[in-house]
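The next block holds one structure in the form of structure tokens; read it before the comments.
Along the sequence shown, residues are numbered consecutively beginning with 1.
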Amino acid sequence: MLSAWARSAEPDGVVAALDAALYEQRSLLRMHCMRRTLFVVPDELAADLQASTTRVVSARERASVLKLLAATGPHRDEAWLAEAEDAALKVLARLGTAAASEITAEVPVLQETVTMSPGKPYEAVSRVGGHVLRLLAMDGRVRRARPVGGWTSGQFTYEIAPPLRDADPAAAQAEIVRRWLACYGPAATEDVKWWTGWTLGAARKALAEVGAVAVELDEGPGWVLPGDEAETGDVEPWAALLPSLDPATMGWKHRDWYMAPELRPLLFDTAGNGGPTVWWDGEIVGTWAQRDSGEVVWRMLADRGAGAEAAVAAEAARLEAWLADRRLRIKFAAPLTRELLS
């Protein structure tokens with residue numbers, strides 16, 4: 001929601017517009033795809049994402065869940081998991097739309113628990129139902145409906161998903177790369193590989209399939225779509241406060257051209273997830289957070305002059321006013337973001 005708000009010409013209407021697109025028109029869809037991250041994608045692209053990426057991610061996730069289940073009981077095998085999935089689907093088909101807690105409450109096996117990372121400082125106990133619903137969503141058998149609560153909630157209701165069209169994996173990968181280059185090019189092959197989570201060979205094949213044109217970047221060889229070889233003109237400086245995992249923050253593996261290398265450990269967690277970022281004129285220059293009081297606080301980590309400071313301050317005030325009484329839950333808080341909240 002915040003990513004759309006920051007880019008919207010009519011920010012006051014962004015919540016209603018996205019709500020309609022996600023839950024009424026169904027022109028947008030939440031789904032796990034690149035790097036197992038949950039994306040909001042155009043409905044017409046869902047089949048290509050499923051064939052090119054999610055199918056492999058789902059297989060890995062299923063193997064991980066089966067390993068987790070096996071560690072807690074020999075009877076928890078692939079057949080046991082399939083029965084649990086079928087039971088969840090039957091309940092959801094009867095209820096129509098339901099939260100995970102409602103589905104789990106009607107299926108005893110989904111109420112059973114597993115221990116994740118036993119013996120580690122971050123050990124956690126979770127219900128089987130959450131893992132089962134995530135697998136069903138990755139397989140395209142269920143989809144996320146409205147959140148439980150407001151748009152800031154990380155919990156969703158579910159419903160049976162309509163079947164996706166069949167898509168050839170190679171053709172689907174080419175379509176994903178074409179769209180990625182249209183948004184993120186020019187970029188290196190390694191950027192494509194990292195963003196998609198594919199093998200290097202798959203990334204190279206997809207680039208060749210779309211006829212990507214080689215260009216020389218400051219960092220080395222890169223690619224653009226045919227017709228995009230010309231340099232773009234200058235634009236007016238701009239300020240933005242973008243949320244965790246924003247597409248602009250996460251679009252490339254090589255980030256030195258838009259973020260000083262020394263800022264990475266301050267703004268990204270150890271898994272490579274980008275926290276909330278402050279941007280000035282196409283460069284990450286700081287971070288921000290919302291305190292429990294509703295105040296939006298920020299810190300610049302690079303001196304870009306009084307004009308940049310004033311623009312960022314104005315953007316923070318605009319965001320604070322728009323959020324009003326809504327409170328954000330930052331899932332991927334970078335180290336410096338936590339410091340702002342302390």
Tell me whether E262 at atom CD has more than 12 heavy atoms from other residues, nucleotides or ligands lying less than 6.0 Å away. yes
Would you check if E102 and Y158 make a side-chain contact, meaning some heavy-atom pair closer than 4.5 Å? no
Could you check if a side-chain atom of V14 sits within less than 4.5 angstrom of a side-chain atom of W322, using non-hydrogen atoms only? yes
Exam field: side chain Q290 to backbone L328, donor-acceptor pair closer than 3.5 Å: yes
When rounded to the nearest 0.5 angstrom, what is the spacing between SG in C183 and CG in L225? 9.5 Å
Under 3.5 Å, is there a donor-acceptor pair between the T287 and T337 side chains? yes
Begin from the C-alpha positions of V224 and L181 and carry the test side-chain contact (heavy atoms from CB on, under 4.5 Å) through to its verdict. CA-CA 6 Å; V224 296; L181 277 178; 5.8 Å; no
Answer yes or no: is there a donor N or O on one side and an acceptor on the other, between the side chain of R141 and the main chain of A137, under 3.5 Å? no
Is the backbone of D19 close enough, under 3.5 Å, to the side chain of W151 for a donor and an acceptor to pair up by distance? no
How close do S293 and R327 get, counting heavy atoms only, and between which atoms? O-NH2, 3.2 Å
More than 12 heavy atoms of other residues, nucleotides or ligands under 6.0 Å from CD of Q155: yes or no? no
Report the C-alpha distance between L217 and V215 in whole Å, list the side-chain angles of each, state the deciding distance to 0.1 Å, and finish with yes or no for side-chain contact (heavy atoms from CB on, under 4.5 Å). CA-CA 6 Å; L217 308 175; V215 293; 4.0 Å; yes
Apply salt bridge (charged side-chain N to carboxylate O under 4.0 Å, His left out) to E190 and K193, showing your working. CA-CA 5 Å; E190 291 81 3; K193 176 183 180 297; over 6 Å; no
Flag yes if L28 and V15 sit in one hydrophobic cluster, no otherwise; membership is Ile, Leu, Val, Met, Phe, Trp, Tyr, and two members link when side-chain heavy atoms are under 4.5 Å apart. yes
Any donor-acceptor N/O pair, E229 side chain to G227 backbone, under 3.5 Å: yes
Determine whether R76 and E112 satisfy the following criterion, side-chain contact (heavy atoms from CB on, under 4.5 Å), listing intermediate values before the conclusion. CA-CA 11 Å; R76 290 178 164 184; E112 297 184 25; 2.5 Å; yes
Can you say whether the rings of W238 and W279 are parallel (under 30°), tilted (30 to 60°) or perpendicular (over 60°)? parallel
Is R35 close enough and on-axis enough to W194, meaning under 6.0 Å and within 45°, for cation-pi? yes
I need the M300 CE to E309 CD distance, nearest 0.5 Å. 4.5 Å
With heavy-atom distances below 4.5 Å as the criterion, would you say the side chains of L136 and E85 are in contact? yes
Considering all heavy atoms of both residues, which atom of W280 and which atom of A311 are nearest to each other, and what is their separation? CZ3-CB, 3.5 Å
Show, in sequence, the C-alpha distance, side-chain angles and deciding distance for F268 and T249, and conclude whether the side-chain contact (heavy atoms from CB on, under 4.5 Å) test is met. CA-CA 10 Å; F268 285 73; T249 306; 3.6 Å; yes
For the CD atom on E320, are there more than 12 heavy atoms of other groups (residues, nucleotides or ligands in this structure) within a distance under 6.0 Å? yes
Spacing of S101 atom OG and Q111 atom CD [to the nearest 0.5 Å]: 11.0 Å
Same cluster (ILVMFWY, side-chain, under 4.5 Å), I176 and M250: yes
In terms of hydrophobic clustering (I, L, V, M, F, W, Y; side-chain heavy atoms under 4.5 Å; direct or indirect links), are L323 and L340 co-clustered? no
Tell me the closest heavy-atom pair linking R318 and P11, and the distance in Å. NH1-CG, 3.6 Å
Answer whether the closest heavy-atom distance between the side chains of R165 and E44 falls below 4.5 Å. no
Determine whether L319 and W288 make a side-chain contact, defined as any pair of heavy atoms from C-beta on separated by less than 4.5 Å. yes
For residues T97 and Y23, determine if any side-chain heavy atom of one lies less than 4.5 Å from a side-chain heavy atom of the other. no
D77 side-chain N/O to A79 backbone N/O, donor-acceptor pair under 3.5 Å: yes
Shortest non-hydrogen pair, P243 vs L2, comes out as CG-CB, 3.7 Å
Looking at S8 and A4, would you say the former's side chain and the latter's main chain have a donor-acceptor pair under 3.5 Å? no
Is any side-chain heavy atom of V132 closer than 4.5 Å to a side-chain heavy atom of I103? no
Rounded at 0.5 Å granularity, tell me how far CE in M138 sits from CD in Q50. 10.0 Å
In this structure, CZ of R30 is separated from CZ of F156 (nearest 0.5 Å) by 3.5 Å
Kindly check if the number of other-residue, nucleotide or ligand heavy atoms within 6.0 Å of CD (E78) is above 12? no
Do R255 and D191 sit within salt-bridge range, that is, some charged N less than 4.0 Å from a carboxylate O? no
Would you name the heavy atoms of H131 and R127 that are closest together and state the gap between them? CD2-O, 3.3 Å
Any ion pair linking D246 and R7 (charged N to carboxylate O, less than 4.0 Å)? yes
Are the side chains of M31 and T54 in touch, meaning some heavy atoms are under 4.5 Å apart? yes
From W252 atom CH2 to Y258 atom OH, the distance as rounded to the nearest 0.5 Å: 6.0 Å
Applying salt bridge (charged side-chain N to carboxylate O under 4.0 Å, His left out), run through R179 and E175 and close with a yes or a no. CA-CA 6 Å; R179 295 201 181 211; E175 177 63 13; 2.9 Å; yes
Which heavy-atom pair separates A51 from A172 by the least distance, and what is that distance? CB-CB, 4.0 Å
Same cluster for V210 and L45 if Ile/Leu/Val/Met/Phe/Trp/Tyr side chains link at under 4.5 Å? yes
If hydrophobic clusters are built by linking Ile, Leu, Val, Met, Phe, Trp and Tyr wherever their side-chain heavy atoms come under 4.5 Å apart, do V40 and Y184 end up in the same one? no
